[in-house]
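Heads up: the structure comes next, in structure tokens.
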Amino acid sequence: MHHFTYKNKMLYCENVPVQDVADQVGTPFYLYSTATLKRHFQAFETGFDGMDHLTCFAVKACSNIAILNIFGQMGGGADIVSGGELFRAMKAGIDPRKIIYSGVGKTRAEMREALYAGILMFNVESPQELDRLQEVAAELGTRAQVAFRINPDVDPKTHAYISTGLAENKFGVPVDEALQEYLRARDMENIEIVGVSCHIGSQLTQIAPFVEALRKVKGFIANLEQEGIGVKYLDLGGGVGIIYNDEEPPHPHDYAAAIRDELTGMECTLILEPGRVITGNAGILVTEVQYTKVNTGGEKDKRFVIIDAAMNDLTRPSLYGAYHEIIPVRESDETRHQVDIVGPICETGDFMARDRMMPETRQGDLLAIMSSGAYGFSMSSNYNSRPRAAEVLVSDECFQIIRYREEYETLLHGELLSVLD
Ligand code: LLP
């Protein structure tokens, strides 16, 4: 359920006409609904009511500080994967004691920053990372709280690029080797074992892989206990899918219920790292049609709708072949045609939709690319020297820019003409 609906044939975000925002901000821009963000966070949270748990929003999904701040105010923490994300989470006012640091490639500098900040837990992904963390924590005269990220070798049945819990993926430590690492960590002076973590992938549409992974983690925790190692936190990662097209993902409450059943009798605090399920359907990308054209001469005539948003703004269609619903901002019942909706970037891979049935679309029309609130702006780039889009937040009948559209000067930030011969 989201708050992007037609009223009198015009698309609204809550009580703001999308057209009004376009008139004032220009296109393209990302538009987020506060009510939807809060509702999704709340819906996720309430599934775990009565259970000791902490929801750490996966910053990578949508990293604007205004949005992180909303979740922070609702009691949420953050799942980070870089020093930059730590910086953002702190700027957004997230309590460092609610920050979890995941990722296979943490640098010394990043470890130092996170230790200074006093984060809740590092999810360690390799033996070498453990050694480095011990060293860095010793240098700072502190102790790092750690969990190992277990790779449970479970197939999440999602796109290959976003599967992370298979043995062949780069993530985590295999279950068989993890015990040995916990034993090593136990003897390290500047390491404190506090948890076990696991994240098997993203955009999962079935509950079974989560349960399978959780069972393996539970089995592993039992092994640890036999060695006298207890853990306070069980981090199950993120991954709950959303509806882009015709997917049938589990309702967050059903997901929560399945986890609750599995965890009966366990004493740990459950940590969750949802990203997409919270923000995915809470944001859209609004773009203006620049041109339409028909290319003839091939097997069949090909209609193109050329918009002012491109793969640098929303890369998911190009990168994963992902489907995003695209609707006109002015509702239309005109004849539908099959079109490719493409951006201005000089690559054939720069498309938002291919062979999509769309009502007659004309120059100047506004289109809304739906479900763009997760891995949309956060994956955007300046490719083709395109300033990144503005981000706008709506609450009821008000809206506010939460990130200005970049200017040409921003494109050159930090760049210098050479003084070399
Ligand atoms: N925790 C960890 C350790 C992760 O690696 C991820 C996502 C999450 C949590 C959040 O997963 P979510 O709840 O959002 O599924 N760019 C891709 C998705 C990449 C996901 C990477 N990791 C896409 O646009 O589909």
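Both counts, for ligands and for their atoms, begin at 1 and track the order of listing. For the numbers below, each heavy atom of this structure counts, side chains included, while hydrogens, waters and symmetry mates do not.
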Phe71 ring center near Phe44 ring center (under 6.0 Å): no
For atom 14 (O) of ligand 1, the closest protein heavy atom turns out to be Tyr375 OH, 2.6 Å
Regarding ligand 1, does Glu273 bring an N or O atom to under 3.5 Å of one of the ligand's N or O atoms? yes
Counting only heavy atoms not in Arg330 (residues, nucleotides, ligands), do more than 12 fall under 6.0 Å from its CZ? no
Taking atom types as modelled, find out whether Asn69 and Gln73 have a side-chain donor-acceptor pair closer than 3.5 angstrom. yes
Between Gly275 and ligand 1, is there a nitrogen or oxygen pair with a distance under 3.5 Å? yes
Answer side chain, backbone, both or neither: which part of Arg316 comes under 4.0 Å from ligand 1, heavy atoms only. side chain
Using a plain distance cutoff, I'd like to know if Val277 has any nitrogen or oxygen under 3.5 Å from a nitrogen or oxygen of ligand 1. no
Subset of ligand 1 atoms that lie under 4.0 Å from at least one heavy atom of Arg149: 3 (C)
Qualifying residue for salt bridge (Lys or Arg N to Asp or Glu O under 4.0 Å) with Asp355, from Arg303, Arg336, Lys302: Lys302
Between Asn384 and Asn312, does any side-chain donor sit less than 3.5 Å from a side-chain acceptor? no
Which residue supplies the protein heavy atom nearest to atom 4 (C) of ligand 1, what is that atom called, and how far is it? Lys60 NZ, 3.1 Å
With Val59 as reference, evaluate Ile67, Ile94, Ile80 under the side-chain contact (heavy atoms from CB on, under 4.5 Å) test and give the passing residue. Ile80
With the threshold set at under 4.0 angstrom, would you say Pro274 reaches ligand 1 through any of its heavy atoms? yes
For Tyr323, is the NZ or CZ atom of Arg356 found under 6.0 angstrom from the centre of its six-membered ring and inside 45 degrees of the ring axis? yes
Only heavy atoms of Gly238, strictly under 4.0 Å: list the atoms of ligand 1 that pass. 9 (C), 13 (O)
Specify the closest pair of heavy atoms between Ala258 and Ile207, including all atoms of both residues, with the distance to one decimal. CB-CG2, 3.6 Å
Shortest protein heavy-atom distance from atom 19 (C) of ligand 1, along with the residue and atom involved: Ile162 CG2, 3.6 Å
Distance under 6.0 Å and angle within 45° of the ring axis: does Lys106 meet both against Tyr101? yes
Should Asp313 and Arg386 count as an ion pair when the cut-off is N to O under 4.0 Å? yes
Could you check whether Arg388 and Tyr30, counting side-chain N and O atoms only, form a donor-acceptor pair closer than 3.5 Å? no
Enumerated ligand 1 atoms positioned under 4.0 Å from heavy atoms of Arg276: 12 (P), 13 (O), 14 (O), 18 (C), 23 (C), 25 (O)
Can you tell me which residue and heavy atom of the protein come closest to atom 15 (O) of ligand 1, and the distance to 0.1 Å? Ser202 OG, 2.4 Å
At less than 4.0 angstrom from any non-hydrogen atom of Ala58, what atoms of ligand 1 do you find? 8 (C), 9 (C), 10 (C)
Any idea which atoms of ligand 1 are less than 4.0 Å away from a heavy-atom of Gly239? 11 (O), 12 (P), 13 (O), 15 (O)
Among protein heavy atoms, which lies nearest atom 17 (C) of ligand 1, and at what distance? Tyr320 OH, 3.1 Å
Below 4.0 Å, non-hydrogen atoms only: which portion of His199 touches ligand 1? Side chain, backbone, both or neither. side chain
For ligand 1, is Ala374 a contact, meaning one of its heavy atoms is under 4.0 Å away? no
